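Report on the following structure.
The figures here come from the full heavy-atom set of this structure, side chains too, leaving out hydrogens, waters and symmetry mates. Since we're looking at a predicted model, the values are computed, not measured.
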Amino acid sequence: MKHLIWLCMLLGATGLWAQPQDEEEEVSPLKIAMITQRLALTSSESQVFWPVYNAMQEERKRFRREIRIKEEAIRQTMLSGSDAELTRQADELVALRMRENQLLDKYHTEFKKVLPIRKVVLLYRAEEDYRRELLRRLQERRAAGGAQPLRPRP
């Protein structure tokens with residue numbers, strides 16, 4: 001029962017952070033600018049890094065979509081489904097998340113092939129800083145009561 005409560009809380013929290021597709025595309029230049037600046041990529045590094053990074057982002061997007069669909073199915077099952085069905089769906093969700101982690105491991109290896117390890121570590125830090133900045137900007141937008149576009153800061 002305790003695990004079921006945690007699962008419900010997790011599903012509720014992930015629903016709060018869902019982001020419309022157009023906003024995701026709108027902030028992409030901010031992410032590119034932040035990563036490029038933080039990693040100080042040379043032109044030769046950029047040529048090999050960005051295709052690998054973009055491939056990872058596409059795969060991540062696919063996993064997130066699958067996870068959202070599975071989480072929605074679990075929410076519906078919580079309302080009217082059996083424990084057996086809920087168990088099956090929860091197991092599938094965990095399996096999806098494990099596959100997503102394997103994806104990160106795969107791309108960590110790929111990044112080490114195209115960048116020095118210090119820049120790989122800086123990439124992870126830049127992604128985390130980007131998420132924090134995006135969250136801060138979204139909170140500012142909500143506080144302002146409007147849907148102003150997200151633009152890179154000078």
Side-chain angles (χ1 to χ4, degrees), residues 1-36 38-39 41 46-115 117 119-142 147-152:
M1 184 66 177
K2 183 171 125 181
H3 297 297
L4 191 57
I5 292 170
W6 279 107
L7 181 62
C8 291
M9 289 174 32
L10 173 68
L11 293 174
T14 56
L16 294 174
W17 299 105
Q19 185 174 336
Q21 184 67 23
D22 60 336
E23 282 186 13
E24 185 177 307
E25 292 171 9
E26 188 176 332
V27 296
S28 185
L30 172 64
K31 188 174 193 177
I32 291 168
M34 186 174 278
I35 290 172
T36 300
R38 296 285 177 86
L39 272 59
L41 295 172
S46 287
Q47 288 176 350
V48 291
F49 167 75
W50 286 111
V52 174
Y53 187 81
N54 291 335
M56 180 191 70
Q57 289 299 96
E58 284 302 313
E59 288 189 59
R60 267 185 176 170
K61 219 183 283 187
R62 185 174 42 86
F63 272 110
R64 287 185 193 131
R65 199 172 310 123
E66 288 181 51
I67 288 169
R68 267 194 314 270
I69 290 168
K70 183 57 63 186
E71 288 172 341
E72 181 56 35
I74 289 172
R75 277 191 279 280
Q76 294 301 317
T77 303
M78 289 286 294
L79 298 173
S80 61
S82 68
D83 284 354
E85 178 64 14
L86 189 59
T87 298
R88 184 187 64 76
Q89 289 177 337
D91 290 347
E92 289 174 1
L93 178 63
V94 169
L96 268 174
R97 291 190 184 274
M98 289 174 64
R99 286 182 29 224
E100 183 181 27
N101 285 335
Q102 290 169 348
L103 173 81
L104 297 175
D105 183 51
K106 169 187 160 185
Y107 279 100
H108 176 69
T109 301
E110 291 299 311
F111 290 141
K112 290 189 301 183
K113 290 178 185 175
V114 299
L115 292 176
I117 190 62
K119 289 189 179 188
V120 173
V121 172
L122 286 172
L123 168 64
Y124 300 144
R125 187 177 291 165
E127 286 187 315
E128 182 60 32
D129 290 347
Y130 166 76
R131 282 190 287 277
R132 280 194 203 115
E133 177 68 12
L134 182 60
L135 181 58
R136 186 190 64 72
R137 289 180 185 205
L138 289 172
Q139 288 171 341
E140 282 179 4
R141 285 176 53 185
R142 286 186 186 140
Q148 302 118 5
L150 298 176
R151 303 214 191 288

* Check S46 against P51 and note the closest heavy-atom contact, atom names and distance. => O-CD, 4.0 Å
* Structure fact -> The reported gap from CG in L96 to CG in N101 (rounded to nearest 0.5 angstrom) is 11.0 Å
* Heavy-atom side-chain proximity of L41 to L115 below 4.5 angstrom -> yes
* Asked: Taking only residues two or more places apart in sequence or in another chain, which ones pass side chain to side chain donor-acceptor pair (under 3.5 Å) with Q89?
  -> T77, E85
* Structure fact -> Value for CG (D83) from CZ (R88), rounded to nearest 0.5 Å, stands at 13.5 Å
* To do: In plain terms, say whether E72 and R75 are close enough for a salt bridge, that is, a side-chain N and a carboxylate O under 4.0 Å apart.
  => yes
* Could you give all pairs that pass the ring pair (Phe, Tyr, Trp, His ring centres under 6.0 Å) test and reach residues 75-101, with sequence neighbours left out? -> none
* **Which residues share a salt bridge (Lys or Arg N to Asp or Glu O under 4.0 Å) with E59, sequence neighbours left out** => R62, K106
* Of all heavy-atom pairs between K119 and L39, which one has the smallest distance, and what is that distance? -> CE-O, 3.1 Å
* Asked: Using 4.0 Å as the upper bound for N to carboxylate O, is an ion pair formed by E71 and R68?
  -> no
* Asked: Are side-chain heavy atoms of R137 and L30 found at a separation under 4.5 Å?
  -> yes
* Salt bridge or not for E92 and K70, using N-O below 4.0 Å? -> yes
* To do: Can you sort out the partners of D129 under side chain to side chain contact (heavy atoms under 4.5 Å, CB included), two or more places apart, ordered by chain and number?
  => M34, R38, R125, R132
* Any chance the side chains of R60 and Q57 put a donor and an acceptor closer than 3.5 Å? -> yes
* Not counting sequence neighbours, which residues clear side chain to side chain contact (heavy atoms under 4.5 Å, CB included) with R131? List them please. => E127, E128
* To do: Provide the full list of ring pair (Phe, Tyr, Trp, His ring centres under 6.0 Å) pairs with a residue in residues 52-99, sequence neighbours left out, each pair given once.
  => F49-Y53, W50-Y53
